[in-house]
Amino acid sequence: MTAVFPDIWPALPEIFLALSGVALLMLGVFRGDGFTRPVSYLSIVCMLLAAVLAMGYGSGRVVTFNGMFVMDAFGVFMKVLVLVSAAFAVILGLGFNEREQIARFEYPVLMIFATLGMLMMISANDFISLYVGLETQSLALYVIAAFRRDSAKSSEAGLKYFVLGSLSSGMLLYGASLVYGFAGTTSFDKVAALFAGGAHVSPGLVIGLVFVMAGLAFKVSAAPFHMWTPDVYEGAPTPVTAFFAAAPKVAAIALLTRVVIEPFGHLAAQWHQVLVATAILSMVIGSFVAIMQTNIKRLMAYSSIGHVGYALVGLTTGTQDGVRGVLIYMALYIAMNIGAFAVILSMKAKGRMLEEIKDFSGLSKTNPMLAATMAIFMFSMAGIPPMAGFFGKLYVFLAAVAAQEYTLAVVGVLTSVVGAFYYLRIIKIMYFDEPAVVVDKVDDDGMTGVLVITSLFTLLFFVAPAPILNGAAAAAAALFAG
């Protein structure tokens, strides 16, 4: 019997990242914690090289590893977003970890393994590979959430995330087992072919689908599965929170999109109501509960719940334009979010981190550049033109209107107005209140670079939007062509 080897080239970014993670782990072990910064720099280089390898993939759809792994334009687009946001998150942690005396070489290595899991999630073409990717990501995230071991808040964040994450993984596995029991396969392609051929949709299979979607909704922190988000965002070290708010969210949205469009594309009537309810709840809870927050990280947590709701509006349509809107939204969301967390990380007074919203009082007088940068991100998140965030919401709502999802579009616009209140309140506090504390100057070169890149991208996106718009259109078309 001849052994058949899988085509490994589509999985080159994952293989490269896995080998890089092991190599950096061994390097850190033999050189010790004093080698943390070089390991961090090398991890950033590895992530960016993996993004280049992903972009080097040609067109078309390739399925390999016995049908468990798929690579297409959709995968390329989302992998590049994940890798770039992960690299930014490592940069954000450089100075912070050293100041807080938690700089250890395991931190960037765990980031690499979490990112590896995300890439596997994006290319999953089977419920088994989906779960392996999800757990690879989650196990690393549980550890970095509790990375500040001497902090009760950080330990609590890691424990809450672990307990609730285990619950969501159990729901996902139970749903996948029901799908397998009623469909007779775990392969996305075979499930899709089954229902394309007009197979009977049993109630058991619908229940399995709902459980799978509930497990994935937890991973994107969509309401009503959002309960872990505020506590984990507040308790985890701030660079970890920035990472949580960007890369894992993109990967989980990509996975949810692939699951509902590819294997269950013919069951839109069954999953449509679930997504509508989740999107509306996320937008409403994210907008209204954020108003009451006094901690900036908790505010960003509820803000992220609301933004996931807006992204789900596009996915709910089940159309190619809707998916394109989701992809555009996530690309712009990453820039806004990473930038906003870079500002939060820059908020220090005499070396002490400032995390309360009142600490932003009079920032325009003590640090005008930092205040201007934060204002750009807040205007963008509120969806005020010509900032990037406006275009994200525009494409999502246009897709909803085109698909006659008028209720979602109206709720989205109204909750955007509510959300604008707490975003503009921060701008009002920075520019019209008297300074409460004098904020230190930003002395971290990496942080300055992140602030400049993300703020310019957010401010000037409208000048040259074509690369993101065309990339998202090609990615969405590839998903539907598959």
Side-chain angles (χ1 to χ4, degrees), residues 24 28 33-44 47 84-112 114-115 140-141 143-158 161 232-248 295-301 304 334 337-357 359-360 363 367 369-370 373-374 377 437-455:
L24 290 175
D33 280 334
F35 211 61
T36 300
R37 201 166 259 262
V39 171
S40 298
Y41 288 140
L42 287 169
S43 68
I44 294 164
M47 287 169 179
V84 170
S85 56
F88 273 131
V90 176
I91 295 170
L92 293 184
L94 288 172
F96 177 90
N97 289 352
E98 288 171 1
R99 284 194 305 273
E100 300 293 315
Q101 298 181 331
I102 55 170
R104 299 187 189 92
F105 73 87
E106 293 94 342
Y107 179 81
V109 173
L110 283 165
M111 294 277 240
I112 282 189
T115 308
L141 293 182
V143 179
I144 60 171
F147 203 74
R148 192 189 288 171
R149 290 178 300 188
D150 56 351
S151 162
K153 267 191 174 181
S154 184
S155 301
E156 180 191 352
Y161 190 42
V232 173
Y233 271 44
E234 183 184 7
T238 309
V240 174
T241 307
F243 183 55
F244 274 40
N295 181 286
I296 188 70
K297 285 163 74 176
R298 289 185 77 87
L299 176 90
M300 292 299 291
S304 77
I334 281 175
N337 233 46
I338 292 284
F341 274 104
V343 174
I344 294 166
L345 277 160
S346 303
M347 292 290 291
K348 304 189 299 292
K350 298 176 182 174
R352 182 178 63 86
M353 296 302 300
L354 305 173
E355 292 183 357
E356 296 299 308
I357 292 173
D359 294 329
F360 283 84
L363 184 62
N367 196 326
M369 289 307 293
L370 200 59
T373 309
M374 190 60 163
F377 299 127
V437 290
V438 177
V439 177
D440 300 344
K441 280 191 164 51
V442 181
D443 53 3
D444 188 331
D445 291 340
M447 193 72 72
T448 306
V450 172
L451 285 168
V452 169
I453 293 168
T454 51
S455 58

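These values consider heavy atoms only, across backbone and side chains, with no hydrogens, waters or symmetry-generated copies. Computed from a prediction, not measured in an experiment: that's the story for all the values here.
Shortest non-hydrogen contact noted between Pro239 and Tyr107 is CB-OH, 3.5 Å. Nearest heavy-atom pair, Ala242 versus Leu92, reported as atom, atom and distance to 0.1 Å: CB-CD1, 3.8 Å. Contact between Ile44 and Ile91 at its shortest, heavy atoms only, is CD1-CG1, 3.4 Å. Minimum interatomic distance between Val90 and Ser43 (heavy atoms only, all atoms of both residues): CG1-OG, 3.7 Å. The two residues Leu363 and Val439 come nearest to each other via the heavy atoms CD1-CG2, 3.6 Å. The heavy-atom pair separating Ser455 from Thr373 by the smallest distance is CB-CG2, 3.8 Å.
The shortest distance between side-chain heavy atoms of Phe341 and Thr241 falls below 4.5 Å. Put simply, the side chain of Thr238 reaches to within 4.5 Å of the side chain of Glu355, judged on heavy atoms. Using a 4.5 Å heavy-atom cutoff, the side chains of Leu24 and Pro108 are not in contact.
With respect to the salt-bridge test (charged N to carboxylate O, under 4.0 angstrom), the residues Lys297 and Glu234 do not qualify.
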Checklist entry - Should Ile344 and Met300 be marked as a side-chain contact (heavy atoms from CB on, under 4.5 Å) after you check the CA-CA gap, both sets of side-chain angles, and the distance that decides it? => result CA-CA 10 Å; Ile344 294 166; Met300 292 299 291; 3.9 Å; yes

Checklist entry - For Met347 and Met374, what are the C-alpha separation, side-chain angles and deciding distance, and is it a side-chain contact (heavy atoms from CB on, under 4.5 Å)? => result CA-CA 11 Å; Met347 292 290 291; Met374 190 60 163; over 6 Å; no

Next on the checklist: With side-chain contact (heavy atoms from CB on, under 4.5 Å) as the criterion, how do Ile334 and Phe88 come out once you've worked through the C-alpha distance, each side chain's angles and the decisive distance to 0.1 Å?
Outcome noted: CA-CA 10 Å; Ile334 281 175; Phe88 273 131; 5.7 Å; no

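Separation of atoms CG (Leu370) and CE (Met447) is listed at 10.0 Å; rounding is to 0.5 Å. Between atom OG1 of residue Thr115 and atom CZ of residue Phe243 there is a gap of 4.0 Å, rounded to the nearest 0.5 Å. Atom CZ of Phe244 and atom CG of Leu141 lie 4.5 Å apart (nearest 0.5 Å). Note: Phe147 CZ to Ser155 OG = 12.5 Å, rounded to the nearest 0.5 Å. Within the model, atoms CZ of Arg99 and CG of Leu94 stand 10.5 Å from one another, a figure rounded to the nearest 0.5 Å. Between the CG atom in Leu354 and the CG atom in Leu345 there is a gap of 11.5 Å [rounded to 0.5 Å].
With sequence neighbours excluded, no residue satisfies side-chain hydrogen bond (donor to acceptor under 3.5 Å, both in side chains) with Arg148. The salt bridge (Lys or Arg N to Asp or Glu O under 4.0 Å) search around Glu356 returns none, not counting sequence neighbours. In this view, Glu100 satisfies the side-chain hydrogen bond (donor to acceptor under 3.5 Å, both in side chains) rule with no residue, not counting sequence neighbours.
A donor-acceptor pair is defined here as one N or O able to donate and one able to accept, closer than 3.5 Å; such a pair exists between the side chain of Ser154 and the backbone of Ala145.
Atom CE of Met369 is surrounded by 12 or fewer heavy atoms from other residues, nucleotides or ligands within 6.0 Å.
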